[in-house]
Structure formats: structure tokens, C-alpha cells
Amino acid sequence: MNEACDFIAHEAALLDAGRFDDWLALFSEDAHYWIPLLGAAQADPYSHNSIAYEDRLLLQLRVDRLKNPRAHSQQPGSHCQHVLQRSTLESGYGDGDGDRASHPTDGELVLRTPFIYVEARGESQVLLAGSCRHRLLRTGSGFAIREKRIDLLNPGRALPAIQLFI
């Protein structure tokens, strides 16, 4: 469990340091990054709109955009800080995403981590809170993220543009 908690903290530290390629390398090839519009009440990404539901290819495209010096949305560049509470092990959550069972398969762990996220760009700053659920797959070298689900505390409110990754 401590190894998995350390992995979650390492993932957030990579984002805070702007090491997006290293962060993306933590995801499995079949991974999804999901921010439900209804928060924890949303059982899957198919029956209702989501703030984000991205597979690994879309994550790669976002990382490439962030690295492009001509990206208008990054003039000036964005920076972020994650403040994490201790992760707790869960047996599963919701009804799954339609492709995966609600309970982890062999070799998977599901961890829930409450967080505060701050993103700053120029003179503006965005503050978000919620819980993150990581579905982690055990690999020969540690863990890979199979799914990262972010349940925002108040997802239905009007949100400013989030440039980085929660």
C-alpha cells in the first residue's frame, strides 16, 4: 500500500514540476483520464457528458500542445500545485466505465486521494478541490495508471479553462 501511495504522490509531483512526458509514461496503453460532469454521482462516461474523458492518444496530444512554444493558451505558461491527503484503498467505485467491472481485476488497486489543486497563469489562479481515484495496474517495474478519475467537489458550476492536468 505504501508503494502505491508513493506512486500517487510521485505522479502529482511530476505534474507540479511540468514533467508532462514523464507523467504520461505512467499511464498504461489502455488508460483513461476522466473528469465526470456530475462528479461522484456519475457512473460512467457514456450516459452523461463529462468535463473530460480522454484516452492515452488524447493525453499525448494535450502534452504535445503544452510543450509547443506557440501554444497561445500558454502565454504566459501555466503552473500547478497539488496538495494531497493520504490515499486510501478502495475495493471499487461506481458502476465502472462500461468497459471495466466496478471491482479491480487481479493485479489492480483502486486508491482514493482527496486533493486541493491550484493552477496559476499570469495574474489568475484557479482553485479546485475533490477526490481522485486511480485504478493502478501492477507491472514488473511497479504500477501503471489504467484510469484516473477526478471527482470535483462542485463539478456542475461554471469552471474556468483548466490548462494542465488535475
Smallest separation among heavy atoms of [X] and [Y], with atom names:
X: Glu3; Y: Gly142; answer: OE2-CA, 4.0 Å
X: Glu119; Y: Leu164; answer: OE1-N, 3.1 Å
X: Pro155; Y: Gly39; answer: CG-N, 3.5 Å
X: Pro36; Y: Gln42; answer: CB-OE1, 3.4 Å
X: Arg121; Y: Gln75; answer: NH2-O, 3.1 Å

Please enumerate all residues that pass side-chain hydrogen bond (donor to acceptor under 3.5 Å, both in side chains) together with [X], with sequence neighbours excluded.
X: Asp6; value: none
X: Arg138; value: none
X: Gln81; value: Asp16
X: Asp64; value: Gln60

- Message: Would the distance check show the side chain of Arg149 and the main-chain N or O of His134 forming a donor-acceptor pair, the cut-off being under 3.5 Å?
- Response: no
- Query: Got a donor-acceptor contact below 3.5 angstrom from the Asp44 side chain to the Ser47 backbone?
  - Reply: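 Checked: pair present.
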- Message: Just to verify, what does Asp22 make a salt bridge (Lys or Arg N to Asp or Glu O under 4.0 Å) with, not counting sequence neighbours?
- Response: Arg19
- Task: Nearest 0.5 Å please: distance from the CG atom of Leu111 over to the SG atom of Cys132.
- Result: 10.0 Å
- Message: Once rounded to the nearest 0.5 Å, what's the spacing between atom CZ of Arg62 and atom CZ of Phe165?
- Response: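 Answer for the CZ-CZ pair, Arg62 versus Phe165, is 4.0 Å.
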- Mind checking whether Val126 and Ile51 sit in one hydrophobic cluster, side chains of I, L, V, M, F, W, Y counted as touching below 4.5 Å? yes
- Got more than 12 heavy atoms from elsewhere within 6.0 Å of CZ, Arg157?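 Counting neighbours around CZ of Arg157, more than 12 heavy atoms of other residues, nucleotides or ligands fall under 6.0 Å, so yes.
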- Query: Under 4.0 Å between a Lys/Arg side-chain N and an Asp/Glu carboxylate O for Arg112 and Asp151?
  - Reply: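 Looking at Asp151 together with Arg112, the answer is no, because their closest N to O distance does not fall below 4.0 Å.
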- Ion pair check, Asp30 and Arg56, cut-off under 4.0 Å: no
- Item | Side-chain donor-acceptor pair present, Tyr46, Tyr53, cut-off under 3.5 Å |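 Distance-only check passes for Tyr46 and Tyr53.
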- ring-ring contact (aromatic ring centres under 6.0 Å, His included) assessment of Phe115 paired with His82: CA-CA 7 Å; Phe115 68 86; His82 291 77; 7.2 Å; no
- For Phe27, which residues count as a ring-ring contact (aromatic ring centres under 6.0 Å, His included) partner, sequence neighbours excluded? Trp23
- List the steps and the verdict of side-chain contact (heavy atoms from CB on, under 4.5 Å) for His48 and Leu37. CA-CA 8 Å; His48 198 281; Leu37 183 61; 3.7 Å; yes
- What do the steps show when you test Leu128 against Ile166 for side-chain contact (heavy atoms from CB on, under 4.5 Å), and what is the final call? CA-CA 9 Å; Leu128 300 171; Ile166 301 171; 3.7 Å; yes
